[in-house]
There are 2 protein chains.
Amino acid sequence: MATKIDERSRTREPLSRERILRTAVAVADKGGAESLSMRRIAQELGVVAMALYKHVANKDELLDGMIDAVIGEIDPPIEGADWKTAMRERILSARRALLRHPWASQVIESRAEPTPTIIGYMDSMMGIFISGGFSVDLMHHAMHVMGSRILGFSQELFDETSSMPADEAIAMWAQLADRYPNIAALVGEISGGDISHDEGSVVGGGCDDQFEFEFALDLMLDGLERLRSAPTPQPAGSTG
Amino acid sequence: MATKIDERSRTREPLSRERILRTAVAVADKGGAESLSMRRIAQELGVVAMALYKHVANKDELLDGMIDAVIGEIDPPIEGADWKTAMRERILSARRALLRHPWASQVIESRAEPTPTIIGYMDSMMGIFISGGFSVDLMHHAMHVMGSRILGFSQELFDETSSMPADEAIAMWAQLADRYPNIAALVGEISGGDISHDEGSVVGGGCDDQFEFEFALDLMLDGLERLRSAPTPQPAGSTG
DNA sequence: ACCTGAACACCGTTCAAGT
DNA sequence: ACCTGAACACCGTTCAAGT
């Protein structure tokens, strides 16, 4: 009994919103988005779940606070750079922040309404396009083209962390070559000669995510640059 | 009591996997992804939740079955078309399927492992690139560029269904013009002269989603076409 | 003023029991 | 063979009660 009281008083900094958010981010960094329950966060603070409700209105508000903390880690735009460099570097900074907090993209997606911090970030990204000579209209389309990439993440349709060892995965896809010939070709190409270095399961985390992210990013930025200096602001195939 | 028995026997087609999936899709179409609980689906079938477990292993398997049902609605690729047309039309077909089942994109994202049906769909999309003359490498990058668009959806960072009336939204953003000048400019541009037709809250569902989807799609397809016939397979800014 | 216990209305899932 | 009731281990959240 005495021990329990000691444990509690040991952590008796008075449980502020700030401390709750810090703890929640730490819990998520360690255990992923699934570990984010009010009871779990409270436990980490040596407190009961209902105690949190004096400092945050509800779980959604807590999640918003966590999102804002991550967005706050993104570097401000480079001063004096051209729009493309400014956009590219800031998106890569956002990506670094998101990679430090792997739960964040999922939490951002789960929230219906953007926080004021995210709205502000978006507005500042729009400003980079406008300063770069984009019309308001083309800036609008550009924001849709970029989508979540503007926040540094993209939808990965296959799980990034395949539990299977690379060589097993390669063998598996080879066996399925008649059913999925193109995936098999892809796995074959990438694994190439040296199966030893873990690039095996192309479809399950074997690819170089950073390269693919930048490849797609540059394709989009190059496409937008072309439209920016083109007579007609729509790509050829567009039907409206 | 007699009434209750009557109600039950009325729906006594013997509760197959097929019937469960059909009902689950109907429940989700009506109530969204949040309404997809085992208890809720069972209730719709006049049965108790635990009865479902004789026909599906668990909820994840049920979700996979629902996903496959939606993927099954996507048209096969057009025969004899060039790769760009084939890709474009099939993605737009996928989009129509996803729009018929608005819960599907969220459910697909929530699942870590792709179903065999999705893997097959991906392989067939890869085949369109390969047949169109893409190298295996460029096809790989192309798949990453397209991302979830290949399944007909894209990450919308703002909620598409804003509860606010268009004119209220316009007034709101006008008032926030000093804090978010670029968003304000955007809303101002789009609302233009006629506020009456509901294009108001650009940042909350006021934009033409179909146009933006096709705009981004075409920008990507055009960019890929350029790389396909270029000497070096990487966009200019790429650092690897 | 700040935290807690008990409770409510939900989840997915297991397992022994009913027909 | 097929379905059910009770139970377990979880959720977010409310509200009256404790200190």
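Per chain, numbering begins at 1; letters A, B, ... match sequence-line order. Just so you know, these numbers come straight off a predicted model, no measurement behind them. Values below: every heavy atom of this structure, side chains too, minus hydrogens, waters and symmetry copies.
- Within 4.0 Å of A:L36, counting heavy atoms only, lie sugar-phosphate atoms of the nucleic acid but no base atom.
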Protein-to-nucleotide contact annotation, 5' to 3' order, nucleotides 13-19 of chain C [B base; S sugar-phosphate only; - none; under 4.0 Å, heavy atom]: BB-----

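- Under the rule for a salt bridge (Lys or Arg N to Asp or Glu O under 4.0 Å), the partners of B:R100 that lie at least two apart in sequence or sit in another chain are B:E73.
- Atom pair B:R40:CZ and C:dA9:C1' shows a separation of 16 Å (rounding to whole Å applied).
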DNA chain D base-pair string [pairs: Watson-Crick or G-U under 3.5 Å; |: paired with another strand]: ||.|||||...|||||.||

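- Near DNA chain D, defined here as any heavy-atom distance below 4.0 Å, there are no residues from residues 101-108 of chain B.
- A heavy-atom distance below 4.5 Å is not found between the side chains of A:V70 and A:I67.
- C:dC2 atom P lies 14 Å from atom CZ of A:R19, rounded to whole Å.
- Note: A:H141 and B:F215 have tilted aromatic rings, judged against thresholds of 30 and 60 degrees for the angle between ring planes.
- Here the side chains of B:M38 and B:Y53 are in contact, with some heavy-atom distance below 4.5 Å.
- Between A:I91 and the options A:E89, A:M87, A:R95, a side-chain contact (heavy atoms from CB on, under 4.5 Å) holds for only A:M87.
- Partners of A:E212 under the salt bridge (Lys or Arg N to Asp or Glu O under 4.0 Å) rule, at least two apart in sequence or in another chain, do not exist in this structure.
- With a 4.5 Å cut-off on side-chain heavy atoms, B:S124 and B:R90 count as touching.
- Remark: side-chain polar atoms of B:S93 are paired, donor with acceptor, to backbone N or O of B:D75 under 3.5 angstrom.
- A:E61 and A:R17 are joined by a salt bridge, as a carboxylate oxygen and a charged side-chain nitrogen come within less than 4.0 angstrom of each other.
- Checked against salt bridge (Lys or Arg N to Asp or Glu O under 4.0 Å), A:R40 has the following partners two or more places apart in sequence or in another chain: A:E44.
- Atoms CD1 (B:I20) and C1' (D:dC2) sit 12 Å apart, rounded to a whole Å.
- The distance between atom CD of A:Q43 and atom C1' of D:dC11, rounded to the nearest whole Å, is 15 Å.
- A side-chain donor-acceptor contact under 3.5 Å links A:K59 to the backbone of A:L36.
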